[in-house]
Amino acid sequence: MAIATINPTTGVVEQEFDAHSEAEVDARIEQAHSAFRALKSTTIASRADWMRAAADLLEAEVESAARMLTTEMGKTIVQARGEVRKSANTMRFYAAHAEEFLTGRSLEDPSVVGASVAYTRHEPIGVVLAVMPWNYPIWQVIRFAAPALMAGNTALLKHASNVPQAALYLDTLFERAGFPEGAFRSLLIPASRVEGVLRDRRVVATTLTGSEPAGRSLASIAGSEVKHVVLELGGSDPFIVMPSADLDKAVATAVASRTANNGQACINAKRFIVHTDVYDAFVQKFTAAMAALTVGDPFDDGTDVGPLATASGREELAELVEDAAAKGATVTTGGAPLDGPGWFYPPTVITGITEDMRLYAEEAFGPVAAVYRASDAEDALRVANDTTFGLSSAVWTQDEDDEAFFVRGLDAGAVFVNGMSISYPELPFGGVKDSGVGRELSAEGLREFTNLKSIWKG
């Protein structure tokens, strides 16, 4: 795959980039390795100052950074600005809380282990390779890089090949803010060269946000090298609506959750599982609201949904819908790629999904909502958990018994009650089953790439 900016609104190649040579990659790994020796000896307070400076730089450049994101992957300019600001806020969060999160613990009675003192401490481990996707070109990277750098690690970024400008922007951001030269380095390389980087002895761990096959491949390499790995993979998140729900709020949130980032987020709600008592009303309201959205130029502040990021992504989405329709599903709005330049696909609602349809089991990465009818809470939970994924989930109910039932029963890394699944720096983020291993964000995300060292003194 070429390393290039291809504007998804027009389909036009705007800029192409040469891949880094083997010598350039080796030099960048060495820069990160050397920077680790410098960074691990700095104080957390110094790193916090640099991280706040980086956040200030990013926020000051919000408009140009947002336009870059919209140009490279098609998210609406309003959401692009939001991504930049969220990233800056998360950097400040880690600057404020890293010292607290990295504090170890002491045994109150060290004599139980025959010591006069016994305690733990978190220490950085070295160079961490991040393999990141195109859907949130800055946010996905920052939610890894901010905690990794605050812990004293250094980072290598292999970004998606269709967002090279974002990769190059991030390549200099932290250095401009004061971090040691090489503390963060981007590698412009194709996916085929990731294995060589991960097997390099100077790289000690890796993290990937992306597809399940990519995660399995990276994990197998990391396993063979006995290197730590964190994976955030796909999701087919359920959105359950029970009879006691505030239906209007549930519908509005369902629309927002299904179409955020043009429907291209792992934690978008994708499967809408609705109790039969409110099913017809929900489908009617949901269909009308999805059909009313404005699809168009992502640089227009009034646009709700822009193009999909890649031509292949639109083709795969269309194939899922076509397969379902051919096997008897009903498309209540949308359902076909839009004519004209760019990779536009309209907000789509589809009902009558059965297990023989690909849409039942596969993640729809675009603004396509599959709606299921559930006879009761047990049936809703069965459908919700009948997936290989387990990233996040949402349930809408005012009934405390229903709430407790779904909070306990949903196979997911998170449950949002009467709200929209979203990531927050204050809460750990990650999934179960094929949605990945490990956690990002919060204290847990900071500690993923640290050595928890035990100290015993006689």
Side-chain angles (χ1 to χ4, degrees), residues 82 86 89-90 93 139 143 232 234-261 263 265-286 289-290 349 363-364 367 369-436 439-445:
K86 180 177 182 177
N89 289 339
T90 297
F93 171 83
W139 164 242
R143 78 183 194 191
E232 194 269 279
S236 190
D237 290 5
F239 186 106
I240 299 168
V241 182
M242 296 298 288
S244 63
D246 183 321
L247 202 59
D248 288 337
K249 287 184 179 179
V251 167
T253 305
V255 172
S257 187
R258 180 63 287 229
T259 60
N261 209 43
C266 294
I267 58 167
N268 283 132
K270 299 183 176 76
R271 296 177 300 131
F272 298 83
I273 303 163
V274 185
H275 191 284
T276 189
D277 290 354
V278 290
Y279 177 87
D280 290 338
F282 178 88
V283 170
Q284 182 181 12
K285 291 173 179 286
F286 188 39
M290 289 281 277
V349 177
E363 179 181 18
V371 185
Y372 298 79
R373 185 192 296 267
S375 58
D376 54 26
E378 288 78 8
D379 189 37
L381 184 65
R382 177 190 63 79
V383 175
N385 287 340
D386 191 17
T387 173
T388 61
F389 298 111
L391 190 55
S392 191
S393 59
V395 57
W396 284 75
T397 181
Q398 301 298 327
D399 186 293
E400 291 184 358
D401 290 338
D402 280 348
E403 177 183 333
F405 174 77
F406 287 111
V407 166
R408 288 193 309 268
L410 282 164
D411 297 335
V415 180
F416 284 73
V417 181
N418 299 327
M420 175 173 155
S421 290
I422 193 170
S423 56
Y424 297 94
E426 295 85 358
L427 291 172
F429 180 83
V432 297
K433 301 194 287 189
D434 290 350
S435 286
R439 288 295 181 267
E440 297 178 293
L441 299 175
S442 194
E444 290 78 6

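Model, not experiment: these values are computed from the prediction.
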Just by distance, do the side chain of Thr253 and the backbone of Lys249 share a donor-acceptor pair under 3.5 Å?
yes
- request: Please report the C-alpha distance between Asp399 and Met242 in whole Å, then the side-chain angles of each, then the deciding distance to 0.1 Å, and finally whether the side chain to side chain contact (heavy atoms under 4.5 Å, CB included) criterion is met.
  value: CA-CA 9 Å; Asp399 186 293; Met242 296 298 288; over 6 Å; no
For Ala250 and Phe239 the tightest heavy-atom approach is O-CZ, 3.5 Å
Please tabulate, for side-chain N and O atoms in residues 412-429, each donor-acceptor pair with protein atoms closer than 3.5 Å (sequence neighbours left out).
| residue | atom | partner | partner atom | Å |
| --- | --- | --- | --- | --- |
| Asn418 | OD1 | Thr397 | N | 2.9 |
| Asn418 | ND2 | Thr397 | O | 3.0 |
| Ser421 | OG | Ser392 | OG | 2.9 |
| Ser421 | OG | Ser393 | O | 3.2 |
| Ser423 | OG | Lys86 | NZ | 3.0 |

Rounded to the nearest 0.5 Å, the CZ atom of Phe282 sits from the CG atom of Asp248 at a distance of 11.0 Å
Hits for side chain to side chain donor-acceptor pair (under 3.5 Å) against Asp277, two or more places apart or cross-chain, chain-then-number order -> none
Please lay out, stage by stage, how Val383 and Asp386 fare under the test side chain to side chain contact (heavy atoms under 4.5 Å, CB included). CA-CA 5 Å; Val383 175; Asp386 191 17; 5.6 Å; no
Rounded to the nearest 0.5 Å, the CG atom of Asp401 sits from the CD atom of Glu403 at a distance of 10.0 Å
Smallest heavy-atom separation, Pro238 atom then Leu410 atom, equals CG-CD2, 4.3 Å
Rounded to the nearest 0.5 Å, the OG1 atom of Thr90 sits from the CH2 atom of Trp139 at a distance of 3.5 Å
Using the rule given for side chain to side chain contact (heavy atoms under 4.5 Å, CB included), can you reason through Val371 versus Tyr279, listing the C-alpha separation, both sets of side-chain angles and the distance that settles it, and then say yes or no? CA-CA 9 Å; Val371 185; Tyr279 177 87; 3.7 Å; yes
In this structure, CG of Asp434 is separated from OG of Ser236 (nearest 0.5 Å) by 11.5 Å
Here the gap from Ile240 atom CD1 to Asp402 atom CG, rounded to the nearest 0.5 Å, amounts to 9.5 Å
> Do side-chain atoms of Arg271 reach the backbone of Ala369 as a donor and acceptor pair under 3.5 angstrom?
Replying inline: no
Just checking Glu378: does its CD atom have more than 12 heavy atoms from other residues, nucleotides or ligands closer to it than 6.0 angstrom? yes
Taking every heavy atom of Thr388 against every heavy atom of Lys433, the minimum-distance pair comes out as O-CB, 3.1 Å
In terms of heavy-atom contacts, Ser375 and Thr276 come closest through O-CG2, 4.1 Å
Subject >> N/O donor-acceptor pair under 3.5 Å between Asp411 side chain and Asn385 backbone >> reply: no
Problem set entry | Side chain Arg258, main chain Gly263, donor-acceptor under 3.5 Å | yes
Ignoring hydrogens and angles, tell me if any N or O in the side chain of Lys270 forms a donor-acceptor pair with the backbone of Glu363 under 3.5 Å.
no
Rounded to the nearest 0.5 angstrom, the CD1-CG distance for Ile267 and Leu391 is 6.5 Å
When every non-hydrogen atom of Gly390 is compared with those of Ser435, the smallest separation belongs to N-OG, 2.8 Å
All heavy atoms of Arg439 vs all of Val432, minimum pair found to be NH2-CG1, 4.3 Å
**Study point:** Charged N-O contact under 4.0 Å between Asp280 and Arg373
**Key:** yes
